[in-house]
2 protein chains.
Amino acid sequence: MTKSTETAEERDPVVSGWQAQKSAATRKLIIESAIKCFVDLGYSNTTTTAIAERAGLSRGAMLHHFPSKIDIVKAAVDYLHGKRLRAVRRAVPRAGAGEDRVRSNLEAYWRDVRHPMFVAFFELVVAARTDRELADILQPAQEAFDREWHRTAREVFTEWQVDDATFDVALDLSRYVIEGMAISNLMNRQGGRDEKVLDYLEDKLRELRDSKEKRS
Amino acid sequence: MTKSTETAEERDPVVSGWQAQKSAATRKLIIESAIKCFVDLGYSNTTTTAIAERAGLSRGAMLHHFPSKIDIVKAAVDYLHGKRLRAVRRAVPRAGAGEDRVRSNLEAYWRDVRHPMFVAFFELVVAARTDRELADILQPAQEAFDREWHRTAREVFTEWQVDDATFDVALDLSRYVIEGMAISNLMNRQGGRDEKVLDYLEDKLRELRDSKEKRS
DNA sequence: TGCCGGTTTCAATCAGCTTTGACTTTTTCC
DNA sequence: GGAAAAAGTCAAAGCTGATTGAAACCGGCA
């Protein structure tokens, strides 16, 4: 446990310390407990005591790994960010080149945003609006994710021979619809109708892909 | 100040007490201060002290009008709910029957969701996810609003001679896109591209309106 | 194999701070 | 003159993080 936890934490960072391995496991346990707390209690109701309880650790034990609450939050943001990035990189190119890449990617993102991880992330984003310290932590991760998402999409959907503006509209539209839907569903259950909206969106995305003239 | 503040508060409830008028004004001031706090500090960081400060009142003075914090929250929810309902009733039918009702209503809702009022409401909704007491207060208002929104839309857009499912898709889609966009913009500034998405949405709504066969 | 010094991990307690809402006093208005 | 409104005070409760002390684990050595 030097100070190696600042930005790394990609995957499981292969600790070679034959005893620091347990330390890494404990850190991961704490981070995941914190995320559970964000989901169950909300960000601002998350206390260090609650995190420790969920991790099955004592408060002091936890504070040994993370000297203060903000350190846990930092680590959790890194952790979530890494997970989201990996999810995108994994999901987007998965489906082979074919008619159904639109559908499968739509469904992949729709699955992602209903995962508890998204709830936790959302809690962080909302809290960051009025918490500068959290915002400073979240912003870089957020921007990196947005860039990567956009870049990956552009790289992968090579069959979209449309101009940049059209492609951006397709991306933005998809994201707004799906995230708007996810957020709506976080609160009021109102199932059923969402499928119809997804189907419609899929249809319109195909239309966008095929309609315009080639670019570049 | 009987117990007249439970569900009423529609418009300014014409208090006839020749002195209780100031009391009503103070109540409104407190409620609006609370809403400002939700916007500026977030729901969970809103303390009775902060509300009192913003209202230019002392804590004790405020607690005279609202015995406890939850009472202020209740009143604020009623207040916001009333405002949103009135905004819908006012905006939707405003534009005369014509080609541009789609556009004007889209813009009206787009304006609404960027109003601080929406931010406050959003803070409440998010907090309610992990706060049963708040959820119990918010849920009835939320449901009433959804019903009214849907009902009003159906009543007003009589030129939409499409089947119910198509109409619902149009409504849901509009709402998801606009709210998703609003929420995105609450956090990361990324102006510019949104106009394109709105234009596209408008186009597709017109298409929906005109494409399908008549109903009933 | 079994023991030992030192380091890492865990547990418990405690003081400081903030928020809440009850209580008391002062001011304002009819 | 008297009641309502506003202001000030304060104890109780909860949260945070620092400190102190105990336990487990590592490597080395007889």
Side-chain angles (χ1 to χ4, degrees), chain A residues 1-5 13 15-34 37-38 40-76 127 130-131 133-134 137, chain B residues 1-5 15-34 37-38 40-76 127 130-131 133-134:
Chain A
M1 190 196 323
T2 53
K3 47 184 295 187
S4 66
T5 60
V15 275
S16 48
W18 283 267
Q19 174 221 329
Q21 203 150 7
K22 187 173 180 185
S23 179
T26 305
R27 288 177 63 88
K28 189 176 174 186
L29 177 69
I30 292 171
I31 291 171
E32 285 175 350
S33 296
C37 281
F38 297 156
D40 295 346
L41 311 174
Y43 176 76
S44 62
N45 294 322
T46 295
T47 67
T48 54
T49 307
I51 298 175
E53 258 173 24
R54 265 153 221 262
L57 266 59
S58 75
R59 243 182 67 82
M62 194 184 61
L63 287 171
H64 170 76
H65 292 275
F66 297 97
S68 94
K69 191 182 181 183
I70 195 69
D71 294 309
I72 303 180
V73 172
K74 253 182 225 167
T130 55
D131 183 333
E133 197 172 13
L134 179 56
I137 295 172
Chain B
M1 189 199 319
T2 55
K3 48 183 294 187
S4 65
T5 59
V15 275
S16 48
W18 281 268
Q19 174 221 325
Q21 202 149 10
K22 186 172 181 186
S23 179
T26 305
R27 289 176 62 89
K28 189 175 174 186
L29 176 69
I30 293 170
I31 290 171
E32 284 174 350
S33 296
C37 282
F38 297 156
D40 294 347
L41 312 174
Y43 176 77
S44 62
N45 295 323
T46 295
T47 67
T48 52
T49 307
I51 298 174
E53 259 174 24
R54 265 152 221 262
L57 267 59
S58 76
R59 242 181 66 81
M62 194 183 63
L63 287 171
H64 171 75
H65 292 274
F66 298 96
S68 94
K69 192 183 180 183
I70 196 69
D71 295 308
I72 303 179
V73 172
K74 254 181 224 168
T130 55
D131 184 332
E133 197 172 15
L134 178 57

I need the [atom1]-[atom2] distance between [X] and [N], as an integer number of Å.
X: B/Arg27; N: D/dA5; atom1: CZ; atom2: P; value: 11 Å
X: B/Met62; N: C/dA22; atom1: CE; atom2: C1'; value: 14 Å
X: A/Glu53; N: C/dA12; atom1: CD; atom2: P; value: 13 Å
X: B/Ile30; N: D/dA7; atom1: CD1; atom2: P; value: 10 Å
X: A/Leu57; N: C/dA11; atom1: CG; atom2: C1'; value: 10 Å
X: B/Asp71; N: C/dA22; atom1: CG; atom2: C1'; value: 15 Å
X: B/Phe66; N: C/dA22; atom1: CZ; atom2: P; value: 16 Å
X: B/Leu63; N: C/dT19; atom1: CG; atom2: C1'; value: 12 Å

Looking at every heavy atom in both [X] and [Y], which two are closest together, and how far apart are they?
X: A/Leu41; Y: A/Ala50; result: CD1-CB, 3.8 Å
X: A/Ser33; Y: A/Ile51; result: CB-O, 3.7 Å
X: A/Met62; Y: A/Thr48; result: CE-O, 3.3 Å
X: A/Pro67; Y: A/Asp71; result: CD-OD2, 3.5 Å

N/O (side chain, [X]) to phosphate O (OP1/OP2, [N]) under 4.0 Å:
X: B/Thr26; N: D/dA6; result: yes
X: B/Ser58; N: D/dA6; result: no
X: A/His65; N: C/dC10; result: yes
X: A/His64; N: C/dC10; result: no
X: B/Thr47; N: C/dT19; result: no

Has the side chain of A/Asp131 got a donor or acceptor atom that lies under 3.5 Å from a matching backbone atom of A/Ala127?
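No, the answer is negative, given that no donor and acceptor are paired below the 3.5 Å cut-off.
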So if I take every side-chain heavy atom of B/Thr49 and compare against C/dT20, D/dA6, C/dA11, which nucleotide ends up nearest?
C/dT20
Closest of C/dT20, D/dA7, C/dC10 to the B/Lys69 side chain is C/dT20
Return whichever of A/Thr48 or B/Gly56 has its heavy-atom-nearest nucleotide of DNA chain D closer to the 5' end.
B/Gly56
